[in-house]
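Working notes for the structure below.
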Amino acid sequence: MARWTGPLVAGALVAALTGYGAIAYAPDLLMATAIRRVAVGGFNRFAHSPLATAASRQIVRPSPDLAYSACPYDISRGSLLIHAVPVAAPYWSLSIFDSRTNAVFVRNGGQAGGKPFAVAITHAGRSVPTGYQRVDVAGDRGIALIRILVADRAAFPRLDAARRATVCELR
């Protein structure tokens, strides 16, 4: 038994380190993949996707009842300012995810009272313009995601036009 103690301890140590590494780095790797997929058109601007179909797989299993708009951001050179305009739909939300997949900000149309609002995605120590809600994030990259419930597909052209009033820009 004594001659197996060393290999068993070494195996347990390798397993523990591998498990820790997977837990510690999986969120970064998953988010980097998601950012790369949605940033095809560039960073710091919204891309408005059509309604999902069975072939839509930019992000795993998109809902066919939701219209998605994504602003992949890179704040290495400044803060990202979002001018959000909630859409008159049964559900509208803006969610901001940091580089480790953490949802660092979420506001839906009901919470906003249907009124426009402004958010600044930034790092601690940077100043933000007056009137912007500060959202400090870990890392330089992430995704701001708008989801709109499209209860009636015939209403999609109107909702699609309205969602384009929300913009993001690097400052």
Side-chain angles (χ1 to χ4, degrees), residues 26-76 78-122 128-171:
D28 294 309
L29 294 173
L30 291 171
M31 193 61 167
T33 300
I35 292 168
R36 188 173 50 254
R37 286 182 180 177
V38 299
V40 172
F43 284 94
N44 305 321
R45 66 177 198 79
F46 272 104
H48 308 285
S49 300
L51 288 176
T53 66
S56 302
R57 291 291 180 261
Q58 196 172 29
I59 300 294
V60 178
R61 304 234 180 212
S63 170
D65 298 329
L66 293 176
Y68 297 93
S69 296
C71 176
Y73 64 83
D74 181 342
I75 59 168
S76 58
S79 299
L80 184 79
L81 305 181
I82 298 177
H83 304 273
V85 181
V87 171
Y91 179 79
W92 175 96
S93 71
L94 169 65
S95 302
I96 299 170
F97 300 92
D98 70 9
S99 64
R100 297 198 42 85
T101 72
N102 298 310
V104 295
F105 177 89
V106 178
R107 185 169 298 164
N108 64 43
Q111 292 168 324
K115 295 184 168 104
F117 60 95
V119 177
I121 303 172
T122 192
V128 300
T130 303
Y132 285 80
Q133 180 175 348
R134 175 186 203 92
V135 177
D136 290 329
V137 295
D140 289 333
R141 291 186 172 184
I143 300 173
L145 181 66
I146 292 176
R147 289 175 272 217
I148 304 167
L149 177 62
V150 182
D152 177 9
R153 286 186 170 257
F156 179 67
R158 176 184 58 81
L159 297 174
D160 183 43
R163 71 177 167 164
R164 295 169 189 274
T166 294
V167 296
C168 58
E169 62 180 330
L170 191 64
R171 270 254 173 114

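Please read these numbers as outputs of a predicted model, since none were measured by experiment.
Here the side chains of Leu81 and Pro129 are in contact, with some heavy-atom distance below 4.5 Å. A heavy-atom distance below 4.5 Å is not found between the side chains of Val167 and Glu169. Side-chain contact between Arg141 and Phe43: present, with at least one pair of heavy atoms (C-beta onward) separated by less than 4.5 Å. Between Arg147 and Trp92 there is no side-chain heavy-atom pair separated by less than 4.5 Å. Side-chain contact check for Pro86 versus Gln111: every heavy-atom pair is 4.5 Å or farther apart. Within the 4.5 Å cutoff, side-chain heavy atoms of Leu149 are placed close to those of Leu66.
For Arg107, the CZ atom is densely surrounded, since the number of other residues' heavy atoms within 6.0 Å is greater than 12.
Of all heavy-atom pairs between Tyr68 and Leu145, the closest is CD2-CD1, 4.1 Å. Between Ala144 and Ile82 the shortest heavy-atom distance is CB-CD1, 3.7 Å. Looking at every heavy atom in both residues, Ala118 comes nearest to Gly131 through CB-O, 3.8 Å. Nearest approach of Arg153 to Pro64, heavy atoms of both residues: NH2-O, 3.0 Å.
Using a 30° and 60° split on the angle between ring planes, Phe105 and Phe117 fall in the tilted class, from 30° to 60°.
Here Ala103 pairs with Phe97, Val106 under the side chain to side chain contact (heavy atoms under 4.5 Å, CB included) rule; sequence neighbours left out. For Ala47, there are no side chain to side chain contact (heavy atoms under 4.5 Å, CB included) partners two or more places apart in sequence or in a different chain. Partners of Val104 under the side chain to side chain contact (heavy atoms under 4.5 Å, CB included) rule, at least two apart in sequence or in another chain, are Ile96, Asp98, Asn102, Val135, Val137.
Checked by atom type and distance alone, the side chain of Arg164 never pairs as donor or acceptor with a backbone atom of Phe46 at under 3.5 Å.
Residues Ser63 and Asp65 have side chains that never bring a donor and an acceptor to within less than 3.5 angstrom of each other.
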